[in-house]
2 protein chains.
Amino acid sequence: MSPRPKVGLEINEILEAAGEIADVHGMREVTLANLAKKLNIRPPSLYNHFEGLGGLRKKMAIYGIDLLYKEMAYEAVGVSGEAAVLAISKAYVEFARKHPGLYEATLLAPDMEDEDVQQAGAKIVELSVRVLQAFDLQGERALHTVRGFRSILHGFSSLEQSGGFKMTLDLDESLETIIKAFIKGMRAD
Amino acid sequence: MSPRPKVGLEINEILEAAGEIADVHGMREVTLANLAKKLNIRPPSLYNHFEGLGGLRKKMAIYGIDLLYKEMAYEAVGVSGEAAVLAISKAYVEFARKHPGLYEATLLAPDMEDEDVQQAGAKIVELSVRVLQAFDLQGERALHTVRGFRSILHGFSSLEQSGGFKMTLDLDESLETIIKAFIKGMRAD
DNA sequence: TTGTTAAAACTAATATCATTAGTTAAAATA
DNA sequence: TATTTTAACTAATGATATTAGTTTTAACAA
């Protein structure tokens with residue numbers, strides 16, 4: 001058997017620390033220097049845990065997507081139809097609000113086509129598909145619906161986070177109105 | 001009067017060069033070093049044209065937003081109602097396709113709350129408001145509609161650009177279907 | 001308990017950046 | 001032609017990511 005020395009840090013502790021920096025100061029401040037300082041180690045030591053800064057960004061993206069998925073899935077239990085769609089929608093934007101840095105990280109992977117990143121995202125798509133299946137959409141229309149749903153969630157969160165919505169108009173009300181309208185429009189033949 | 005020496009580079013030539021780098025290699029490659037090399041000057045000389053890398057990113061964001069606005073406004077002439085909404089929607093995603101780097105730049109301003117950045121974006125919001133007015137939406141519902149419309153366009157473009165849509169399903173058809181459904185749902189009382 | 005092994009830390013060094021300071025060249029206006 | 005403003009330059013600094021090679025640490029086997 002191979003010895004598995006448990007010395008120092010677990011990858012999850014590292015991602016947690018990196019997530020904290022990202023949430024508080026933004027992804028721009030997630031540098032190997034800053035991360036190492038927070039962990040009380042030297043920057044080169046981080047290379048034992050991931051492949052440089054790009055590797056860290058990739059791992060952070062997956063970490064964030066997984067967390068996002070978990071919160072969506074949690075809110076989806078025990079509800080169905082429109083209520084379920086609204087539930088996972090709110091969970092999505094709530095995640096972006098609570099973890100602005102990690103949400104930013106989910107969009108900052110060096111290569112979004114990467115196998116692992118795709119796989120993490122696929123779970124969210126799958127969840128969306130399952131929730132939207134309640135509306136019995138036919139063939140291609142079902143696929144268009146999923147694309148639209150994702151576009152709304154992602155666009156809404158991004159715009160909200162970057163201060164794109166200026167008006168003093170309740171944001172949660174906007175999201176609910178938008179989602180309801182989209183579903184209604186998609187169901188109409 | 002103050003002499004205005006025209007020597008060397010115009011700010012627009014610089015932004016054009018920076019935009020080229022961004023479109024071909026991504027915003028990550030837009031460094032002062034790379035930009036200076038492309039312009040055949042030394043990196044510090046760029047500080048005569050903008051305030052460091054942050055200043056460049058801000059100017060690129062505004063430059064991109066302006067360009068995006070122009071293309072949308074161009075496609076909006078001579079059409080009305082749903083056709084107009086579809087026209088500016090297509091112009092939006094087409095811009096992101098033709099200028100992936102500049103579109104990336106529009107989201108990468110160091111401070112999205114910045115006065116100049118806000119002002120550039122306001123023109124697009126205004127155009128959207130004007131086009132959506134054809135549907136006679138009342139009060140707050142009109143504002144929710146604009147928010148939803150922007151979310152769809154931004155989300156769709158971002159996801160398309162980062163390879164978020166995997167299925168072999170026509171993208172333009174998706175966009176048209178999504179926009180039509182959203183409008184239909186918003187018009188329904 | 002003790003030796004082996006693999007993981008994870010370290011030091012030292014390098015290359016690439018952005019950035020600042022101070023200086024020089026160039027061109028448009030008066 | 002002289003002045004003034006702009007925009008280029010050189011030189012230097014500090015921060016960064018990254019590589020190479022080495023040492024320490026801790027789990028496992030003997």
Phosphate OP1/OP2 of dA7(D) contacted by S45(B) side-chain N/O (<4.0 Å): no
Please tabulate, one pair per line, each protein N/O and nucleotide N/O from nucleotides 21-25 of chain C that are separated by under 3.5 Å, including the distance.
none

Ring pair (Phe, Tyr, Trp, His ring centres under 6.0 Å) partners for F149(B), two or more places apart: none
Donor-acceptor under 3.5 Å (S45(B) side chain, R42(B) main chain): yes
Helix axis bend for the helix from dT1(C)-dA30(D) to dA30(C)-dT1(D) - C1'-based end axes, five pairs, 10° rounding: 10°
F182(A): partners by ring pair (Phe, Tyr, Trp, His ring centres under 6.0 Å), with sequence neighbours left out: none
Polar-atom pairs under 3.5 Å, protein N or O versus N or O of nucleotides 14-17 of chain D: list them with distances, or write none.
from    : atom 1 : to     : atom 2 : distance (Å)
dA17(D) : OP1    : L32(A) : N      : 2.8
dA17(D) : OP2    : L32(A) : N      : 3.3
dA17(D) : OP2    : A33(A) : N      : 3.0

More than 12 heavy atoms from other groups under 6.0 Å of CD on E51(B): no
Interatomic distance, L39(B) CG vs dC9(D) P [rounded to whole Å]: 10 Å
Gap between atoms CZ and P, on R42(B) and dT16(C) respectively (whole Å): 15 Å
Length of the line joining E10(B):CD and dA8(D):P, which is rounded to integer Å: 10 Å
Heavy-atom closest contact (Q118(A) atom, M112(A) atom, distance): NE2-O, 2.9 Å
Whole angstrom value for the distance that separates C1' of dC17(C) from CG of L46(B): 13 Å
Ring center gap for F156(A) and F165(A) short of 6.0 angstrom: yes
Rounded distance in Å - NE2 (H49(B)) to P (dA18(C)): 16 Å
For E160(A), all residues meeting salt bridge (charged side-chain N to carboxylate O under 4.0 Å, His left out), sequence neighbours excluded: R97(A)
For atom CG of L56(A) and atom C1' of dT18(D), their distance in whole Å: 14 Å
Test of ring centre spacing under 6.0 Å for Y103(B) and H99(B): no
Backbone N/O of R187(B) and side chain of R141(B): donor-acceptor pair under 3.5 Å: no
Presence of donor-acceptor pair under 3.5 Å, side chain of N48(A) and base of dA7(C): no
Closest heavy-atom pair and its distance - A96(A), Q161(A): O-OE1, 4.1 Å
N/O donor-acceptor pair under 3.5 Å between E75(B) side chain and A73(B) backbone: no
